[in-house]
Protein chains: 2
Amino acid sequence: METEVSVETRVLDAADALFYAQGVQAVGMDRIRDASGVPLKRLYRCFPSKGALVEAYLRRRDKIARGSMEEHADSLSSPDEKILGIFEWLHTVVSEPGFRGCAFNNAFGELGSHSAAVTAIVQGHKAALRRFFSGLVHDAKAPDPEGLTTQLLVLFDGAITVAAITDTPAPALRARDAAAALLAAGGREEPAQHGSGVPVRADGSRPGG
Amino acid sequence: METEVSVETRVLDAADALFYAQGVQAVGMDRIRDASGVPLKRLYRCFPSKGALVEAYLRRRDKIARGSMEEHADSLSSPDEKILGIFEWLHTVVSEPGFRGCAFNNAFGELGSHSAAVTAIVQGHKAALRRFFSGLVHDAKAPDPEGLTTQLLVLFDGAITVAAITDTPAPALRARDAAAALLAAGGREEPAQHGSGVPVRADGSRPGG
DNA sequence: CATGGAAGAGAACGGCCGTTCTCGGGTTGC
DNA sequence: GCAACCCGAGAACGGCCGTTCTCTTCCATG
């Protein structure tokens, strides 16, 4: 007769579903109480404020997403396979019903300017993602590993965003194709005939600026 | 002594700055009244509800961004130059102080699940962006133009997101480099030695599923 | 069985937000 | 001069939200 799952887990399950589906500010604590079945009094004993619950929601998402991604990568052997496999893993994620974009990007847009804690968690999540990609890129012995890592991050976040707004999973696979092309090209193609005529240095500044 | 700029413009200027910097739901109508100097009564005569003001805010952002982007592209000659030039235009945009990501993505994450109008405007903005890229890609006579168009969109949105969260403009230039590589490769590199072992068709389905 | 404490259900409270109303002052037309 | 009207400033109103309080019920212990 003891509790099947812990109270914290039930609250976080409810908060996760509601916060992700509807946005944080659109969901009141009453709704989380109704969905979890945990009365407000106990809920506030586990999480002393809504802000603390939001942070726990993001931290759990971070841990679960990183675990799932690393598990998928571990099932593949070569660095190149792992890198491309991540985009196929992403394809299954964005195909799930109810997918509505990256929970971290959404939270950052909604709360980042008001909550330093949320900003730190989101930046930490993306930094971990970068470390993960960076390790694979170094293993793949690509030239300009930092540039390629940034490009993979860009493809990853861009695929999530385009898939969410167009409501189709295909962008994840187009991002995989792009990653494959970048791996084949060495991650830093600088074609002579494709410049726009405005030279830009690697740090973004322009000569004479 | 007549008004320097129209009341609608003053209201939209204030709403734009506040909505973008702090999120829509975090900004009350009183704050827009204070920032614009337009009393609530007149404000509600111009925009009959906060929702209408939010939609006008997004529509004006859409018009301005598209105009600025097309103007920049018009200053370049070849399709390839235009495509890469857009990422340099993006680099200047994400370098501006106060840049906090794509207003449309942020609004979609915050309000998309509750407002069909916001969702439609965001999707319309991205669809216009796709048409814009698509025209340039077709002009560039790339093979698989649809795939390359999606990849450019992914790079574009991803660069915005990564630049916002890491608070550095460099991802826009790394996205430009990636776009250059994809243009050089034809937009659909399918390297024999880079597959992850799981075949995936172009539409995202797997054989036998 | 009596009693103390913990805990659930729901009300309550202060505060904010979107929207509307009131009131007072100024302006226009006769 | 006067009346009718418009408009700005701010209060007011209903509703929601985060948080706390109250009251009742339940259970464990002596």
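In what follows, chains carry the letters A, B, and so on, assigned in the order in which the sequence lines appear, proteins first and then strands, with residues in each chain numbered from 1. It should be emphasised that the depicted structure is a prediction, and the values quoted were computed from it without experimental measurement.
Between its two ends, the helix from C:dC1-D:dG30 to C:dC30-D:dG1 turns its axis by 10°, counting five pairs per end and rounding to 10 degrees.
Using a cutoff of 4.0 Å between basic side-chain nitrogens and carboxylate oxygens, B:Arg45 and B:Glu8 are not scored as salt-bridged. Note on A:Arg60 versus A:Asp13: salt bridge recorded, some NZ/NE/NH1/NH2 to OD/OE distance being below 4.0 Å. Note on A:Arg31 versus A:Asp34: no salt bridge recorded, every NZ/NE/NH1/NH2 to OD/OE distance being 4.0 Å or above.
Across all their heavy atoms, A:Val54 and A:Phe19 have their closest contact at CG2-CE1, 3.8 Å. Across all their heavy atoms, B:Asp157 and B:Asn105 have their closest contact at OD1-ND2, 3.4 Å. Nearest approach of A:Ala140 to A:Pro79, heavy atoms of both residues: N-CB, 3.8 Å.
Residue A:Met29 contributes atom CE, which lies 16 Å from atom C1' of C:dG10 at whole-angstrom precision. Whole-Å rounding puts the B:Tyr44 OH to C:dT19 P distance at 4 Å. Here the P atom of nucleotide C:dT19 and the CG atom of B:Leu53 are 10 Å apart, to the nearest Å. Rounded to a whole Å, the CD atom of A:Gln22 is 15 Å from the C1' atom of D:dC17. Atom CG in B:Leu43 sits about 14 Å away from atom P in D:dC7, given to the nearest Å.
For the segment residues 106-122 of chain A, the set of residues with a heavy atom within less than 4.0 Å of an atom of DNA chain C is empty.
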Would you tabulate the nitrogen or oxygen pairs shorter than 3.5 Å linking the protein to nucleotides 8-14 of chain D?
residue: D:dG8; atom: OP1; partner: B:Arg42; partner atom: NE; Å: 2.7
residue: D:dG8; atom: OP1; partner: B:Arg42; partner atom: NH2; Å: 3.2
residue: D:dG8; atom: OP2; partner: B:Arg42; partner atom: NE; Å: 3.3
residue: D:dG8; atom: O6; partner: B:Lys41; partner atom: NZ; Å: 2.8

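To the nearest 0.5 Å, atoms CG (B:Leu76) and CG (B:Leu84) are separated by 9.5 Å. The distance from the CD1 atom of B:Ile64 to the CE atom of B:Met69 is 14.0 Å, given to the nearest 0.5 Å. In this structure, CG on A:Leu152 lies 5.5 Å from CZ on A:Phe133, to the nearest 0.5 angstrom.
A donor-acceptor contact shorter than 3.5 Å links the side chain of B:Arg100 to the backbone of B:Tyr20.
The closest side-chain heavy-atom distance from B:Leu18 to B:Val24 is not below 4.5 Å.
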